[in-house]
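Here is the structure we will look at.
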Amino acid sequence: MLTAAAADLLARLQAKHGALMFHQSGGCCDGSSPMCYPDGEFLVGDRDVLLGILDVGDGVPVWISGPQFQAWKHTQLLIDVVAGRGGGFSVEAPEGVRFLSRGRAFTGEENAMLAEHAPLTGADFARGMRPTPTPPLGRGSEV
């Protein structure tokens, strides 16, 4: 999912940079901020998980590191935008804003539904697998 403000910014960034992707990493510095890169400029790891594809332009994949996914798998990720610069190489940095992850815990019913769908990893994607349509709240769906 993403806010209207984040969707507007993402559309403007696509006009400047072409196809884009997000990666939500763990770790230090700005690890809680989703980093936005030109598609293909960040190498997705075999254990990274595709959270979904944002319905902006031709679609914007949202990846998360495998260990971070394990910590967040019970949480719906919402990408927002706030004023200020983040620490990183994300394409929105020159705009004076930064993307920010917000979260909401899935309900028991949502967790049960998500448990029926295995997450798509970077290794799966490299083998040609693509997300299957699911309701718009979790893994492999439009977020």
Salt bridge (Lys or Arg N to Asp or Glu O under 4.0 Å) involving Asp46 - partner list, sequence neighbours excluded: none
Pro67 versus Arg47, closest heavy-atom pair with distance: CG-NH2, 3.4 Å
Closest contact, heavy atoms only, His117 versus Met113: CD2-O, 3.3 Å
Considering all heavy atoms, the nearest Phe99-Cys36 contact: CE1-CB, 3.9 Å
Partner set under side-chain contact (heavy atoms from CB on, under 4.5 Å) for Asp124, not counting sequence neighbours: Leu120, Thr121, Arg127, Met129
Distance-minimising heavy-atom pair for Val81 and Ala6: CG1-N, 3.8 Å
Value rounded to 0.5 Å, distance of CG in Leu43 from OH in Tyr37: 10.5 Å
Partners passing side-chain contact (heavy atoms from CB on, under 4.5 Å) against Val44 (at least two apart in sequence or in another chain): Met21, Asp48, Trp63
Euclidean distance, Glu95 CD relative to Arg85 CZ, rounded to 0.5 Å: 10.5 Å
Euclidean distance, Glu41 CD relative to Phe89 CZ, rounded to 0.5 Å: 12.0 Å
Exercise: identify the closest heavy-atom pair between Asn111 and Lys73: OD1-O, 4.3 Å
Modelled atom types, side-chain donor and acceptor of Ser90 and Glu92, under 3.5 Å: yes
Asp8, CG atom: more than 12 neighbouring heavy atoms under 6.0 Å: yes
Taking every non-hydrogen atom, the tightest pair across Leu20 and Pro61: O-CD, 3.4 Å
CE on Met35 to CZ on Arg98, rounded to 0.5 Å: 10.5 Å
Sole candidate of Val60, Thr3, Val62 that passes side-chain contact (heavy atoms from CB on, under 4.5 Å) when paired with Ile79: Val62
Atom pair CD (Glu110) and OG1 (Thr75), whose distance is rounded to the nearest 0.5 Å: 11.0 Å
Atom pair CG (Leu10) and CZ (Phe22), whose distance is rounded to the nearest 0.5 Å: 5.0 Å
Side chains of Ser101 and Trp72 in contact at under 4.5 Å (non-hydrogen atoms): yes
